[in-house]
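Computed from heavy atoms alone, side chains included, the values below leave out hydrogens, waters and symmetry copies. Bear in mind the structure is a predicted one, so any value in this text is a computation, not a measurement.
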Amino acid sequence: MLLTIIVFIIVFGLLVLVHEFGHYFFAKRAGILVREFAIGMGPKLWWRQVNGTTYTLRCLPLGGYVRLAGSEEDEEDLRVGMSVTLELNETGQVVKINTSQQPGLFTGLPLQVTAFDLVDTLTIKGYVNGDETTEQTYAVDHDAELVEKGGTTVRIAPRDTWVNSAPLPARMMTNFAGAFNNFLLSLVAFVVLGFTLAGIPTNSNQLGQVAAGSPAARAGLVAGDRIVAVNGHPTKDWEALATQIANHPGQKVTLQYRHQGKLKTTTATPKKVQQGKQTVGQIGISERLDHSIAARLNYGWHQFITAGTLIFTILGHMVTHGFSLNDLGGPVAIYAGTSQATALGFNGVLNFLALLSINLGIVNLLPIPALDGGKLLLNIIEAIIRRPIPEKAEAIVSMAGFFFLLLLMILVTFNDIQRYFIH
C-alpha cells in the first residue's frame with residue numbers, strides 16, 4: 001500500500017506539474033507575468049524570486065500551479081484598512097509593500113491603507129505613522145514587490161502584464177500549452193516504454209523462438225520459419241496464426257511453413273492450456289521481435305495514436321449513447337488504477353502514466369468553462385467577433401464552469417468510492 005501511495009503521488013504530481021509548466025513556459029514567452037510557479041500545494045517550505053517569477057516549494061507533494069497575472073486564480077493580499085510597511089527608493093516611489101506583519105523583513109514606512117490601485121494608476125494611499133489627519137499618496141514602481149501574508153514575495157501585476165493584455169494568438173497558445181505538454185509527456189512515456197521492452201512484436205507469421213521439447217520443436221520448426229497456413233487456413237500475421245493454433249487444443253493440425261525459402265508441411269498437436277474459463281491450444285512458439293530503434297520509436301507513436309483514438313471513441317460514445325458517471329474517474333479511480341499498474345512493475349506504471357497524460361490533455365481541451373478548452377472557446381469567439389469579451393461576462397461563465405466541475409468531481413468521487421471500495 002505504501003508503494004502504491006508513493007507511485008500515486010509521483011504520477012499525479014508529474015501529470016499536473018508538466019501541465020502547469022506548459023502554461024508557465026508559453027506565458028513567459030508571451031510577456032505575461034507569471035507571478036508564482038509552485039511545486040506542491042499547501043504551506044510553503046521554500047521560495048525564491050527569479051526574473052519576476054516567484055518559485056515556491058510547498059509541503060503537499062500533489063502537483064503544483066501557476067499564478068498568471070490577471071487570471072481568475074490571481075488575487076492580491078492587499079486590502080483597504082490593512083497596516084503595511086512601504087519601502088521607498090531614492091525618488092520616493094514604493095518598491096516593496098509588506099503585508100505580512102513579519103518583523104525584521106525590512107525597515108520602512110508604516111502605512112494604514114485607505115486606497116490603492118496596483119493595476120492602472122500604480123498608487124497607494126493611507127495614513128502614515130497612525131496620523132489620520134493627513135492622507136498620503138505614493139507612486140508605486142511598475143516592478144514593485146508585494147510581501148504576502150505568508151512572507152512570500154511576488155511582483156505586483158500592472159495591467160500590461162496581464163493575460164488579457166497579451167495578443168490573442170499568444171493567449172490561445174498559453175491556454176493550449178498545458179494540454180500540449182500532457183500530449184508530449186504521453187508520447188515520451190510510450191516511446192520510453194518501447195525501449196524498455198525486450199523487443200517490439202512484429203505481428204508477422206515468422207517465428208521468433210521455438211521452445212525446446214515443445215510440439216513445434218518436435219514437428220521440426222525452428223526460429224525464423226514462417227507458418228503460412230494451419231489446416232489450410234492462411235495465416236498472414238501472428239494474430240491469425242495464434243487464433244488458429246488456439247482453436248485446436250489437443251487436436252492434430254497440419255502446418256504449412258517456409259524454411260529458408262522452401263515450402264514444407266508438418267503436423268503438430270497443440271497442448272491444452274487453461275486460460276481463465278477457456279481451454280486453448282499452444283505449440284511452444286513465440287512471435288518474432290524487432291530490436292531496431294526505428295521499431296521502438298514507431299511503437300511509441302502507434303501506442304500514442306491508439307490511446308488518443310480510444311479516448312475520442314469513448315467520448316463519442318458518451319455523446320451518442322448517453323452520459324454515465326461510470327464513464328468517468330477521479331482521484332479515487334486513479335489511485336485504484338495506480339495500484340493495479342504498480343503490481344505490473346515499472347512498465348505497468350509507465351504505461352499507466354502515458355494513458356493518464358493523454359487522457360488529461362484531451363479532457364482539458366473539452367469546451368467546458370474553467371477548463372483550458374473553455375478558455376480556448378472564448379478566445380475563438382473573441383477572434384470571430386473581433387473584440388474582447390467583457391471581463392464580467394467571462395468571469396460569470398468561468399464561475400459557472402467551476403461550480404459545474406466541482407459538483408461533477410464530488411459525484412464522480414462518490415461513485416468511485418462505491419465502485420472500488422464498497423461492494
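Residues Pro249 and Val280 are not in side-chain contact: their nearest non-hydrogen atoms beyond the backbone lie 4.5 Å or more apart. Between Ile97 and Val147 the shortest side-chain heavy-atom distance does not fall below 4.5 Å. Counting heavy atoms from C-beta outward, Arg67 and Val154 have side chains that approach closer than 4.5 Å. Between Thr56 and Ile39 there is no side-chain heavy-atom pair separated by less than 4.5 Å. Between Asp117 and Asp120, some side-chain heavy-atom pair lies under the 4.5 Å cut-off. Within the 4.5 Å cutoff, side-chain heavy atoms of Leu355 are placed close to those of Phe190. At least one side-chain heavy atom of Val11 sits less than 4.5 Å from a side-chain heavy atom of Leu356. Between Asp141 and Ile156, the closest side-chain pair of non-hydrogen atoms is not below 4.5 Å.
Summarising the local packing, NE2 of His142 is surrounded by more than 12 heavy atoms from other residues, nucleotides or ligands at distances under 6.0 Å. More than 12 heavy atoms of other residues, nucleotides or ligands shown are found within 6.0 angstrom of CZ on Phe195. Other residues, nucleotides and ligands contribute only 12 or fewer heavy atoms inside 6.0 Å of the CD atom of Glu239. Around the CD atom of Gln274, the shell of radius 6.0 Å holds more than 12 heavy atoms that belong to other residues, nucleotides or ligands. Atom OH of Tyr55 sits in a crowded spot, with more than 12 heavy atoms from other residues, nucleotides or ligands closer than 6.0 Å. The number of heavy-atom neighbours closer than 6.0 Å to CD1 of Ile293, taken from other residues, nucleotides and ligands shown, is 12 or below. Residue Gln49 places its CD atom among more than 12 non-hydrogen atoms of other residues, nucleotides or ligands, all under 6.0 Å distant.
A distance-only check finds a donor-acceptor pair linking the side chain of Asp77 to the backbone of Lys149 [under 3.5 Å]. The closest donor-acceptor contact from the side chain of Thr235 to the backbone of Ile227 lies under 3.5 Å. Of the possible donor and acceptor atoms, none in the side chain of Ser186 sits under 3.5 Å from a partner among the backbone N and O of Asn182. Formation of a donor-acceptor pair under 3.5 Å by the Thr309 side chain with backbone atoms of Ile305 is found in this model. Between the side chain of Lys44 and the backbone N or O of Gly150, at least one donor-acceptor pair lies under 3.5 Å. Checked by atom type and distance alone, the side chain of Glu382 never pairs as donor or acceptor with a backbone atom of Arg387 at under 3.5 Å. Under a 3.5 Å cut-off, the side chain of Trp238 and the backbone N or O of Thr202 do not form any donor-acceptor pair. Listed for the Ser357 side chain is no donor-acceptor partner under 3.5 Å among the backbone atoms of Ala354. Using a distance-only test at 3.5 Å, with no hydrogens or angles considered, a donor-acceptor pair links the side chain of Ser165 to the main chain of Arg159. Side-chain atoms of Glu287 come within 3.5 Å of backbone atoms of Asn203 as a donor-acceptor pair (strictly under, hydrogens ignored).
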Item to check | Residue pair Val191, Phe304: steps toward the side chain to side chain contact (heavy atoms under 4.5 Å, CB included) verdict | outcome: CA-CA 9 Å; Val191 169; Phe304 175 75; over 6 Å; no

Next on the checklist: With side chain to side chain contact (heavy atoms under 4.5 Å, CB included) as the criterion, how do Leu88 and Val95 come out once you've worked through the C-alpha distance, each side chain's angles and the decisive distance to 0.1 Å?
Outcome noted: CA-CA 6 Å; Leu88 309 180; Val95 293; over 6 Å; no

Item to check | Derivation of the side chain to side chain contact (heavy atoms under 4.5 Å, CB included) call for Asn98 and Val84 | outcome: CA-CA 5 Å; Asn98 178 19; Val84 301; 5.8 Å; no

Next on the checklist: Please determine whether side chain to side chain contact (heavy atoms under 4.5 Å, CB included) holds for the pair Phe404 and Ile368, giving the CA-CA distance in whole Å, both sets of side-chain angles, and the decisive distance to 0.1 Å.
Outcome noted: CA-CA 9 Å; Phe404 168 76; Ile368 299 174; 4.1 Å; yes

Checklist entry - Would Glu76 and Arg35 satisfy salt bridge (charged side-chain N to carboxylate O under 4.0 Å, His left out), going step by step from the backbone distance to the final call? => result CA-CA 11 Å; Glu76 297 288 11; Arg35 301 186 74 190; 3.2 Å; yes

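No side-chain donor-acceptor contact under 3.5 Å links Ser83 and Gln112. Judged purely by distance below 3.5 Å, without hydrogens or angles, the side chains of Thr153 and Glu145 never pair a donor atom with an acceptor atom.
For the atom pair CD1 of Ile9 and CG of Leu14, the computed distance is 13.0 Å after rounding to the nearest 0.5 Å. Here the straight-line distance linking atom CD1 of Ile358 with atom CG of Leu185 works out to 10.5 Å at 0.5 Å rounding. Rounded to the nearest 0.5 Å, atoms CD (Gln244) and CG (Asn231) are 7.5 Å apart. To the nearest 0.5 Å, the span separating CG on Leu68 from CZ on Phe37 amounts to 11.0 Å. Atom CD1 of Ile311 sits about 11.0 Å away from atom OG1 of Thr306, to the nearest 0.5 Å. Atom CZ of Phe180 and atom CG of Asn175 lie 15.0 Å apart (nearest 0.5 Å).
Exactly one residue among Val34, Val119, Ile32, Leu33 makes a side chain to side chain contact (heavy atoms under 4.5 Å, CB included) with Thr161. That residue is Leu33.
Contacts classified as side chain to side chain donor-acceptor pair (under 3.5 Å) and involving residues 360-376 (residues at least two apart or in different chains) are given here: His19-Asp372, His23-Asp372.
The side-chain hydrogen bond (donor to acceptor under 3.5 Å, both in side chains) check on Asn129 picks up nothing, with sequence neighbours excluded. Not counting sequence neighbours, the partners of Phe21 by the ring pair (Phe, Tyr, Trp, His ring centres under 6.0 Å) test are Tyr24.
Listed here is the closest heavy atom pair of Leu187 and Gly300: CD1-O, 4.1 Å. Taking both residues in full, the closest heavy atoms of Ile362 and Leu315 are given as CG2-CD1, 3.9 Å, listed atom of the first, atom of the second, then distance. Of all non-hydrogen atoms in Lys28 and Asn51, the two that sit nearest each other are NZ-O, 3.4 Å. Across every non-hydrogen atom of Tyr299 and Gly194, the tightest pair is CD2-CA, 3.5 Å. The minimum heavy-atom distance between Leu109 and Tyr138, with the atom names listed, is CD2-OH, 3.1 Å. Considering every non-hydrogen atom in both Glu36 and Arg58, the closest pair reads OE2-NH2, 2.8 Å.
Classification of Arg258 and Asp225 as a salt-bridged pair fails, no side-chain N sitting under 4.0 Å from a carboxylate O.
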